[in-house]
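No experiment lies behind these values; they were computed from the predicted model shown.
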Amino acid sequence: MKRLIGAASVALMAFAAVPAQAADKVVLMLNWYVYGEHAPFYYGKAKGIYAAEGIELEIQEGRGSAATTQAVAAKTADFGYVDVPTMMRAAIKGAPVVATGVLLQTSPMSAMGFADKNIRKPEDIKGKTVAITPADSMTQIWPLFLKKTGLKESDFKTVAGDGQTKLNAVINGQADLLLGYVMDQSMKIKDATGKDVYPIKFADYGINMVSSGVIANTDYVKANADLVRRFMSATTKAVEAAEKEPKAAAQSILDANPKGGKIDTLTQGFELTIPLYRTAETKGKRPFQVTDQNMTETVNLLVEYGGLDAKAKENPKAFYTSDYLPKSGS
């Protein structure tokens with residue numbers, strides 16, 4: 001009996017000495033400096049959702065969707081969270097990147113100004129001054145917004161500058177509106193001034209385009225199919241958890257990065273992001289379940305207005321895959 005107990009003890013000690021399987025280290029690079037839209041990634045990490053899928057997640061801030069797409073193409077980041085149309089422009093030119101999940105299925109693009117200026121509809125833009133950043137994604141789609149709403153370039157004035165100059169123009173009264181994302185620039189203006197901003201959303205005037213999503217290198221996806229599947233499963237769960245607890249999700253940003261903003265505007269920015277996750281066609285579905293029609297319409301609009309090569313229309317499905325998303329309800 002003593003020999004049996006001794007043998008069992010040795011076996012238990014040997015078992016205990018075997019380390020648990022190491023988690024896969026994954027680098028996710030964001031599209032920009034952190035703001036409310038990014039809350040699900042931080043919340044998923046804080047709540048152990050990625051760890052439960054065997055993933056040790058490192059979140060890095062980005063310097064624009066184009067730069068993040070380049071990093072993913074070069075394999076200096078495993079995944080990127082970027083503007084999908086920006087990724088398409090790189091992919092059509094040969095960058096080895098693909099969207100493994102499209103999160104924002106409704107465009108956040110808008111023309112926005114201080115709420116107290118009472119600019120609430122396209123007609124109100126007449127006679128005003130609009131701040132733009134030349135060649136950015138919103139400025140490329142702006143002519144389509146004008147066409148859809150019957151506005152002409154001669155109906156208003158424009159001032160041009162980089163992203164910060166554009167913000168300053170509205171903050172300082174040099175412009176009445178700027179072209180920006182409903183959950184991003186509006187919150188930066190509110191942080192700086194304490195004043196509410198009202199966005200005239202492009203999507204409300206028939207501009208049906210996807211926006212942000214998760215991308216990966218095509219070779220990385222092929223070589224790490226199981227890891228990509230686990231990452232998308234964790235990210236789907238992280239988004240769902242964050243949707244239920246917006247303030248806690250926003251707080252997770254500050255817990256990881258105390259200089260990442262203010263809790264009120266981070267929360268509000270994230271709350272403004274949530275309605276963009278789904279369209280009428282994907283209402284009730286899990287995050288990232290984009291429709292082929294939505295993607296095809298996006299490609300068509302980008303070819304006509306956004307500078308995307310016309311050959312993109314030949315195979316819109318080349319830009320995205322749903323193969324690594326969790327099945328509904330799983």
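A donor-acceptor contact shorter than 3.5 Å links the side chain of Lys45 to the backbone of Leu57. In terms of modelled atom types and a separation under 3.5 Å, the side chain of Thr273 and the main chain of Gly269 share a donor-acceptor contact. For the pair Arg278 (side chain) and Leu103 (backbone), a donor-acceptor distance under 3.5 Å is absent. Distance alone, capped at 3.5 Å, is enough to place a donor-acceptor pair between the Asn224 side chain and the Tyr220 backbone. Thr68 contributes a side-chain N or O that, together with a main-chain N or O of Gly64, makes up a donor-acceptor pair within less than 3.5 Å. When atom types are taken as modelled, the side chain of Ser65 and the backbone of Asp83 share a donor-acceptor pair closer than 3.5 angstrom. Side chain of Thr291 to main chain of Asn294: a donor-acceptor pair is present (N/O by atom type, distance under 3.5 Å, no hydrogens or angles).
By the 4.5 Å heavy-atom criterion applied to side chains, Phe319 and Ile92 are counted as neighbours.
Atom CD of Glu243 and atom CZ of Phe270 lie 6.5 Å apart (nearest 0.5 Å). Note that CG of Asp191 is 9.0 Å distant from CG of Asp264, once rounded to the nearest 0.5 Å.
Partners of Thr282 by side chain to side chain donor-acceptor pair (under 3.5 Å), not counting sequence neighbours, listed by chain and number: Gln105, Thr279. Under the salt bridge (charged side-chain N to carboxylate O under 4.0 Å, His left out) criterion, Lys152 pairs with no residue at all, not counting sequence neighbours.
Test Arg229, Arg230, Lys237 against Glu53 for salt bridge (charged side-chain N to carboxylate O under 4.0 Å, His left out) and you get one pass: Lys237. The residue from Lys157, Lys117, Lys128 that alone fulfils the side chain to side chain donor-acceptor pair (under 3.5 Å) condition with Asp176 is Lys117.
Of the N and O atoms on the side chains of Gln289 and Ser322, not one donor lies less than 3.5 Å from an acceptor on the other residue. Gln185 and Lys166 share no side-chain donor-acceptor pair at under 3.5 Å.
Other residues, nucleotides and ligands contribute more than 12 heavy atoms inside 6.0 Å of the CD atom of Gln174.
The pair Glu58-Lys25 does not meet the salt-bridge criterion, since no charged nitrogen lies less than 4.0 angstrom from a carboxylate oxygen.
Annotation for Val82 and Asn31: closest pair CA-CB, 4.1 Å, computed over non-hydrogen atoms.
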